[in-house]
Visitor: 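Before anything else, here's the structure in question.
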Amino acid sequence: IQPLNKVAFTGNGTLVSASADKTLKTWKYEGAWSEMRPLGPHVFRVLAIDFNPDGSLIATGGGEPSRSGEVQVWEVNKGMHVRTLDSLHSDTVFGVRFSPDGKKLATCAADKFLKVIDGTGKELKAFEGHTHHVLDVGWKFDGKLLASCGADNAIKVWDYEKGEQVRTMTGHGKQVTRLIFVGKTPNIAVSSGDQTV
């Protein structure tokens, strides 16, 4: 038995758990709980999970530190593996996030990069500017801006179309671990190792 690293809910009465044992498991939680088909294995720990907007696909991220950055995509209902992207990042992947239209996937990793791929796995953009591990990534509701945060204690905002950094926000005393755009607003909620949100 290994610890769970992440849990994410789907919109159809199931949830997915990511474990340190390198597997993903899907569970039905309506009525009696029952385990569905496991998704895996992964090369190493699973550290990130996200569903596309309609809940049909799940992306996961992880990888072995200093050796591999692993991103995998699965079809949820069939438990079918769609794609492995093990050369997208050169180090552990900490964040994966589908775009609001579901056509792109943003990923971030210990290699200090934020990258965006399309549905075929083709790399569309790479954003560089963090000075330490990039720990999470999020899309603004209109898909025009991305935000990332990291172990450099910074939050960065990026213009997707121009491929440029818009701003850097600092002020946290430790790493910024998670972020999310708040609904249909330009506001970002973040959490940090300095015990603040």
Side-chain angles (χ1 to χ4, degrees), residues 5-6 8 10 16 18 24 42 45-63 68-76 82-152 154-169 175-191:
N5 293 324
K6 294 280 181 181
T10 69
V16 176
L24 296 173
H42 279 256
R45 299 171 299 172
V46 178
L47 299 172
I49 299 175
D50 193 40
F51 285 93
N52 70 342
D54 69 10
S56 62
L57 296 174
I58 184 171
T60 60
S68 69
E70 184 182 27
V71 175
Q72 295 200 41
V73 180
W74 310 84
E75 189 175 317
V76 177
V82 175
R83 182 168 295 104
T84 296
L85 301 157
D86 54 8
S87 59
L88 186 62
H89 290 280
S90 62
D91 206 338
T92 306
V93 174
F94 290 110
V96 293
R97 194 69 53 93
F98 280 100
S99 60
D101 64 6
K103 295 180 180 178
K104 298 180 284 292
L105 178 68
T107 63
C108 61
D111 62 5
K112 305 176 191 172
F113 277 95
L114 165 63
K115 295 189 176 184
V116 178
I117 60 171
D118 67 12
T120 68
K122 177 185 173 189
E123 186 177 316
L124 301 174
K125 305 265 181 167
F127 300 89
E128 186 177 10
H130 281 279
T131 57
H132 211 306
H133 298 359
V134 188
L135 300 175
D136 203 11
V137 58
W139 290 89
K140 188 178 174 197
F141 72 94
D142 59 8
K144 294 181 179 179
L145 293 178
L146 286 156
S148 58
C149 62
D152 55 4
I155 302 149
K156 293 184 180 286
V157 179
W158 312 86
D159 182 308
Y160 175 73
E161 288 302 325
K162 293 179 181 177
E164 298 174 353
Q165 184 175 314
V166 175
R167 71 181 55 89
T168 296
M169 295 173 276
Q175 70 275 15
V176 184
T177 55
R178 291 288 175 254
L179 64 78
I180 190 168
F181 277 94
V182 181
K184 293 189 173 184
T185 74
N187 301 324
I188 303 169
V190 301
S191 61

Visitor: Testing the basics here: between Val71 and Val93, what is the closest heavy-atom pair and its distance to 0.1 Å?
Guide: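 Scanning both residues completely, I find the closest heavy atoms to be CG2-CG2, 3.9 Å.
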
Visitor: Would you please indicate yes or no on a ring centroid separation below 6.0 angstrom for Phe113 and His89?
Guide: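 Not under 6.0 Å, so no.
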
Visitor: Can you name the nearest heavy-atom pair linking Ile117 to Leu124, along with the distance?
Guide: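 Reported closest heavy-atom pair: C-CD1, 3.9 Å.
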
Visitor: What verdict does the side chain to side chain donor-acceptor pair (under 3.5 Å) test give for Lys156 and Ser148, after you've listed the backbone C-alpha separation in whole Å, the side-chain angles of each residue and the deciding distance to 0.1 Å?
Guide: CA-CA 5 Å; Lys156 293 184 180 286; Ser148 58; over 6 Å; no

Visitor: Suppose we screen for side-chain hydrogen bond (donor to acceptor under 3.5 Å, both in side chains). Which residues come up paired with Lys115, at least two apart in sequence or across chains?
Guide: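 Checked Lys115 against side-chain hydrogen bond (donor to acceptor under 3.5 Å, both in side chains); zero matches.
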
Visitor: Please report the C-alpha distance between Ser99 and Asp101 in whole Å, then the side-chain angles of each, then the deciding distance to 0.1 Å, and finally whether the side chain to side chain donor-acceptor pair (under 3.5 Å) criterion is met.
Guide: CA-CA 5 Å; Ser99 60; Asp101 64 6; 2.6 Å; yes

Visitor: Is Ile155 close to Cys149 at the side-chain level, that is, under 4.5 Å between some pair of heavy atoms?
Guide: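 When only atoms from C-beta onward are counted, Ile155 and Cys149 do touch, with a gap below 4.5 Å.
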
Visitor: For Tyr160 and Trp139, take the angle between the two ring planes, folded into 0 to 90°, and tell me which bin it lands in: parallel under 30, tilted 30 to 60, perpendicular over 60.
Guide: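 Ring orientation of Tyr160 relative to Trp139: tilted.
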
Visitor: Output, in order, the C-alpha distance, side-chain angles, deciding distance and verdict of side chain to side chain contact (heavy atoms under 4.5 Å, CB included) for Met169 and Ile188.
Guide: CA-CA 11 Å; Met169 295 173 276; Ile188 303 169; 4.2 Å; yes

Visitor: Quick one: CG on Asp111 to CZ on Phe94, what's the gap to the nearest 0.5 Å?
Guide: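 Going from CG on Asp111 over to CZ on Phe94, the span is 10.0 Å.
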
Visitor: When you compare the side chain of Val116 with that of Leu105, does any pair of heavy atoms fall below 4.5 Å?
Guide: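 Side chain of Leu105 against side chain of Val116, heavy atoms only: no contact under 4.5 Å found.
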
Visitor: Would you check if Val16 and Phe51 make a side-chain contact, meaning some heavy-atom pair closer than 4.5 Å?
Guide: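 Val16 reaches Phe51 side chain to side chain.
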
Visitor: Is Lys112 salt-bridged to Asp152, cutoff N-O under 4.0 Å?
Guide: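 No, this pair does not count.
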
Visitor: CD of Glu75 to CD1 of Ile58: how many Å apart, nearest 0.5 Å?
Guide: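 Answer for the CD-CD1 pair, Glu75 versus Ile58, is 12.5 Å.
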
Visitor: Measure the CG-CD distance between Asp159 and Glu164 for me, rounded to the nearest 0.5 Å.
Guide: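 Asp159 CG to Glu164 CD: 6.5 Å, rounded to 0.5 Å.
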
